[in-house]
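Structure, as structure tokens:
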Amino acid sequence: MSTNTLSKETELRLIDFFNESIDLKSMAKTIRQVNYLLTLNVMRENESLESDQTNLDDSFYWLNKLAEVLDPYLDVE
């Protein structure tokens, strides 16, 4: 996993976006729904998934990771 540092301006914009613009639970729920629908659609279109398997896996993982940051649904015991 690579780590990229964000500029201060980018950090401030992200903080403003997440603190003022959206409901975190709603955003996480939407990300999970979109992630599911996109993955399901790709699987239906291409049953073998050999060409973009890694890309699809990575995209699914990172979108779920973002949703977990916004609303830790899977960490609830």
Side-chain donor-acceptor contacts of residues 23-30 below 3.5 Å, not counting sequence neighbours, with atom names and distances?
{"unit_1": "Asp23", "atom_1": "OD2", "unit_2": "Ser26", "atom_2": "N", "d": "3.3"}
{"unit_1": "Thr30", "atom_1": "OG1", "unit_2": "Ser26", "atom_2": "O", "d": "2.9"}

For the hydrophobic clusters of this structure (ILVMFWY residues joined by side-chain heavy atoms under 4.5 Å, transitively), does one cluster hold both Leu37 and Tyr61?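 They do not share one cluster, since no chain of ILVMFWY contacts under 4.5 Å joins Leu37 to Tyr61.
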Reference residue Tyr36; test side-chain contact (heavy atoms from CB on, under 4.5 Å); the match among Val34, Leu40, Thr39: Leu40
Pair up each side-chain donor or acceptor in residues 8-18 with any protein partner under 3.5 Å, not counting sequence neighbours, and list the distances.
{"unit_1": "Thr10", "atom_1": "OG1", "unit_2": "Ser7", "atom_2": "OG", "d": "2.8"}

Tell me the closest heavy-atom pair linking Asn35 and Phe60, and the distance in Å. ND2-O, 3.1 Å
Mind checking the CD1-NZ spacing from Ile31 to Lys65? Nearest 0.5 Å is all I need. 13.5 Å
Side chains of Leu38 and Gln33: closer than 4.5 Å at any heavy-atom pair?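 Leu38 does not reach Gln33 side chain to side chain.
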